[in-house]
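See below for the structure under consideration.
Here is how names work: the chains are called A, B, and so on, in the same order as the sequence lines, proteins then strands, and each is numbered from 1.
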2 protein chains.
Amino acid sequence: MYDRLHQHISRLVSLTDDEFAFLKTLFIPKKLRRKHDLLQAGDVCKSIAFVEKGLLKAYTVDAKGVEHILQFAPEDWWISDLYSYLTGEPSDTQIDALEDSELLLLERGNMDIMVENIPKMERFFRITLQNNYIASQRRIKSALSQSAEEKYADFIHRYPDIVQRVPQHMIASYLGITPAFLSRIRGRKAHPD
Amino acid sequence: MYDRLHQHISRLVSLTDDEFAFLKTLFIPKKLRRKHDLLQAGDVCKSIAFVEKGLLKAYTVDAKGVEHILQFAPEDWWISDLYSYLTGEPSDTQIDALEDSELLLLERGNMDIMVENIPKMERFFRITLQNNYIASQRRIKSALSQSAEEKYADFIHRYPDIVQRVPQHMIASYLGITPAFLSRIRGRKAHPD
DNA sequence: AAAAAACGTTGTACTAGGTCAATGGAAATC
DNA sequence: GATTTCCATTGACCTAGTACAACGTTTTTT
């Protein structure tokens, strides 16, 4: 159950066996079945989740009831509403499972204990945050300067695995376009004319 | 020259006088006059800059020559192309001064020295990165779910200071709309009909 | 102080992408 | 294995935002 977490952390910092054994105790394992949720809008986000297995999505729902997908999280990714997690404010985001999933939850208090007792983890989280920040900067650039067609081409190139695992209308939602329009883009590519 | 930096860091971690004195030596002060640049597209981003005074923008230029503003950085903000800074790849981003500015530059090697010698700074950067990440998540939400009019209303509410200091077409660029359309939005609000 | 550049506004025409609804096929669910 | 729900596609029509250009003002530069 902790295999991927172990490898994932080892990629950035090296922990002793004792340190990892201690670190494990700070996570709460949780299985989440497809269509069940980890976080509901209005609730406070109590933990950040590491995905050992499965696939989740984080999204908001606008006034018209339309979903806007902020993130897909397959194996080895972290998912949460960091704003709510850190401030304790109610979240405007929902998170739920697209496939049966196995998660490792890290609650706020345990996060603090972890970084105090294993200072290397401070470094781990700094680097992880850096990568997340860079990824979202890239997405902002894309939103500002690319057409729907370009965004889709980049998406299938960057996340071929996700393309296989989620329905097309969710990719449209992630890209900020309607499912109908994404279908037309695909039609254009398949039979140009 | 280091006043704002000192206060800025003190807000998140407390350093001894000795620590801060050492930390100061790791920054390179730089004055940048209006319209001059800190980073050109194609170059590698060698340092992250803390703004002591003035105002800068980071932006990309697309194939048609249109600018897309990724960030404004007034006093107390950090600005860089983090991706290029960390990977050493050439940047696709330009950074230049909108007002005469005073910067404190932190080069990659000095950053490493800093976090090794003052572990508290690891924490400082983790938290700063968290805040940056949260801010860009908010911007992504906005791009996915808000109309141009809503984005503009939020912008003037969130960054009243920036609104005073930069020309309107740059706000349009930041919001991902054309200057002409922003002008129409403003006209609508002023003389509805 | 003059000249030049940058800026905001507005008109007309246009287009990328949205809306709504119908259809058939594929998956989940029971 | 039947039924229901979910999903992708397509057509007809619509609209938020774009493109381009002209004009007057303000700001910069010299």
To the nearest Å, give me how far apart [atom1] ([X]) and [atom2] ([N]) are.
X	N	atom1	atom2	answer
Arg188(A)	dG11(D)	CZ	C1'	16 Å
Tyr152(A)	dA8(D)	OH	P	10 Å
Arg186(B)	dT10(C)	CZ	C1'	14 Å
Met170(B)	dA6(C)	CE	P	10 Å
Glu99(B)	dT28(D)	CD	C1'	15 Å
Glu149(B)	dA16(D)	CD	P	10 Å

Q. Within the structure, does a side-chain N or O atom of Ser183(B) lie under 4.0 Å from either OP1 or OP2 of dT9(C)?
A. yes
Q | Rounded distance [0.5 Å steps], SG in Cys45(A) versus CG in Asp92(A) | A |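 With rounding to 0.5 Å, SG (Cys45(A)) is 11.0 Å from CG (Asp92(A)).
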Q) In terms of heavy-atom contacts, does NZ of Lys46(A) have more than 12 from other residues, nucleotides or ligands at under 6.0 Å? A) no
Q: Please indicate whether Lys53(B) has more than 12 foreign heavy atoms, meaning atoms of other residues, nucleotides or ligands, lying under 6.0 Å from its NZ.
A: no
(Q) Tell me whether the rings of His8(A) and Trp78(A) are parallel (<30°), tilted (30 to 60°) or perpendicular (>60°). (A) tilted
Q) Do Tyr174(A) and Phe72(A) make the cut of ring centroids closer than 6.0 angstrom? A) yes
Q | Side chain proximity check, Leu104(A) to Leu106(A), heavy atoms < 4.5 angstrom | A | no
Q. Hey, can you pull the residues of residues 159-169 of chain A with a non-hydrogen atom under 4.0 angstrom from DNA chain D?
A.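 DNA chain D contact set from residues 159-169 of chain A: Pro167(A), Gln168(A), His169(A).
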Q. Where along nucleotides 18-30 of chain C does protein come under 4.0 Å, by heavy atom, of base (B) or sugar-phosphate alone (S), with - for untouched nucleotides?
A. SB--------S--
(Q) One thing to verify: whether Arg4(A) and Glu75(A) come together as a salt bridge, which I'm taking to mean a side-chain N less than 4.0 angstrom from a carboxylate O. (A)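 Between Arg4(A) and Glu75(A) there is no salt bridge, as every charged N stays at least 4.0 Å from the carboxylate O atoms.
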Name the atoms and distances for all side-chain donor-acceptor pairs under 3.5 Å in residues 20-40 of chain B, with sequence neighbours left out.
residue  : atom : partner   : partner atom : Å
Thr25(B) : OG1  : Phe22(B)  : O            : 2.5
Arg33(B) : NH2  : Asp100(B) : OD2          : 3.3
Arg34(B) : NH1  : Leu98(B)  : O            : 3.3

